[in-house]
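Chain naming here is simple, since letters A, B, ... match the order of the sequence lines and numbering starts at 1 in each.
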Amino acid sequence: MERRSFLKSFTAAAACMAVLPRMASAADEAKKNMGPNEMNYATALAAITGGKAVVESAKVKIEAPEIAENGAVVPVKVTVESPMSDKDYVKAIHLLNTKNGNARCANIYLTPANGEAFFGTRIKLGGTQDVVAIAEMSNGTFLSAKQNVKVTIGGCG
Amino acid sequence: MKTLIKIKPKTYAAGDIVKVDFMAMHPMETGMRKDKDTGAIIPANYIDEVKFLFNDTLITKMVVWESLSVNPLFTISFKVPSAGTLKVIAKTNNGQSVESSESITPKG
């Protein structure tokens, strides 16, 4: 009888031990797949604006290809109409994507010394999605523009 | 990390707005890619901050994430006030940093 109960508890313990590490490793695996800076678009947007309204505006222009054959290198240029004077200038341009693991591409903090509000770069896009530029003006308002980019070959991985 | 600064156009006068290209030879690893042979995850290694300074005054600061392409390009506008030195400092997420500079010599 004693032997039987011992065996029973032993097999139960063994089963537990076999299951637990597997669960842990699954969680680790999921974490690994998240990437170090995982953040979705809505969270990234809220972090930038702090809940303030963002107005789509023709003052913000995004130049990006409508169809990108290679998602690894997508040229993007952002121009914001502004006098860039000491009193009225673009504080920052935030470049975002809507579907990469990390929705943030770059935050560019400008000064009147720039002369005009412009930023150009090349970004990676994991698939077809919108590229969004948010301009933070010196008076505290946020203007935005977006462009959809069709990606034929994904650029992440 | 090799870097390159280009001013466009090549000749400009004081008061002109020029485009400054800063390029860095960097893999911009996302931390999500796996090594094809071993299957091990390649650790994240990307430029996370770029600063443009003119005569040691900050013009533009960028906070950057891994979504930028390999060998990233950063272009800004710059209104040339006078002759001086343009300095670019780039930092990576694992503490590496590189500094490069270009002299600004307006003509006319």
Does any backbone or side-chain atom of Ile17(B) lie under 4.5 Å from a heavy atom of chain A? Answer side chain, backbone, both or neither.
side chain

State the CG-OH distance between Asn37(A) and Tyr46(B), to the nearest 0.5 angstrom.
3.5 Å

Shared ILVMFWY cluster between Val98(B) and Ile76(B), side chains joined below 4.5 angstrom?
yes

Winner by heavy-atom pair count (cut-off under 4.5 Å) against chain A, out of Phe54(B), Trp65(B), Phe78(B)
Trp65(B)

Kindly say whether Asn71(B) contributes a backbone atom to a donor-acceptor pair with the side chain of Arg122(A) at under 3.5 angstrom?
yes

Tell me whether Leu96(A) shares a hydrophobic cluster with Leu125(A), the cluster being built from Ile, Leu, Val, Met, Phe, Trp, Tyr side chains joined at under 4.5 Å.
no

May I ask whether Met137(A) and Val60(A) are part of the same hydrophobic cluster, defined by side-chain heavy atoms of I, L, V, M, F, W, Y residues being less than 4.5 angstrom apart, directly or through others?
yes

Is Leu45(A) reachable from Ile123(A) through a run of hydrophobic residues whose side-chain heavy atoms are each under 4.5 Å from the next?
no

With a cut-off of 6.0 Å (strictly less than), are more than 12 heavy atoms of other residues, nucleotides or ligands near CG of Asn94(B)?
yes

Residues Ser77(B) and Phe118(A): closest non-hydrogen pair is OG-CB, 3.3 Å

Given Asp21(B), Thr57(B), Val64(B), Ile59(B), the one with more heavy-atom pairs under 4.5 angstrom with chain A than any other is Ile59(B)

How long is the span from the CD1 atom in Ile108(A) to the CZ atom in Phe74(B), to the nearest 0.5 Å?
9.0 Å

Roughly how far, to the nearest 0.5 Å, is OG of Ser67(B) from CG of Asn100(A)?
5.0 Å

Closest non-hydrogen atom pair between Cys105(A) and Leu68(B), with its separation:
O-CD1, 3.6 Å

Applying a strict 4.5 Å limit to non-hydrogen atoms, the region of Val74(A) in contact with chain B is backbone

Just by distance, do the side chain of Thr121(A) and the backbone of Leu73(B) share a donor-acceptor pair under 3.5 Å?
yes

Under a 4.5 Å heavy-atom cut-off, does chain A meet the side chain of Leu58(B), its backbone, both or neither?
backbone

Distance (rounded to the nearest 0.5 Å) between Thr75(B) OG1 and Phe119(A) CZ:
7.5 Å

Take atom NZ in Lys19(B); do more than 12 heavy atoms of anything else shown fall under 6.0 Å from it?
yes

Is Tyr12(B) reachable from Leu86(B) through a run of hydrophobic residues whose side-chain heavy atoms are each under 4.5 Å from the next?
yes

Rounded to the nearest 0.5 angstrom, the CD-NZ distance for Glu66(B) and Lys124(A) is 7.5 Å

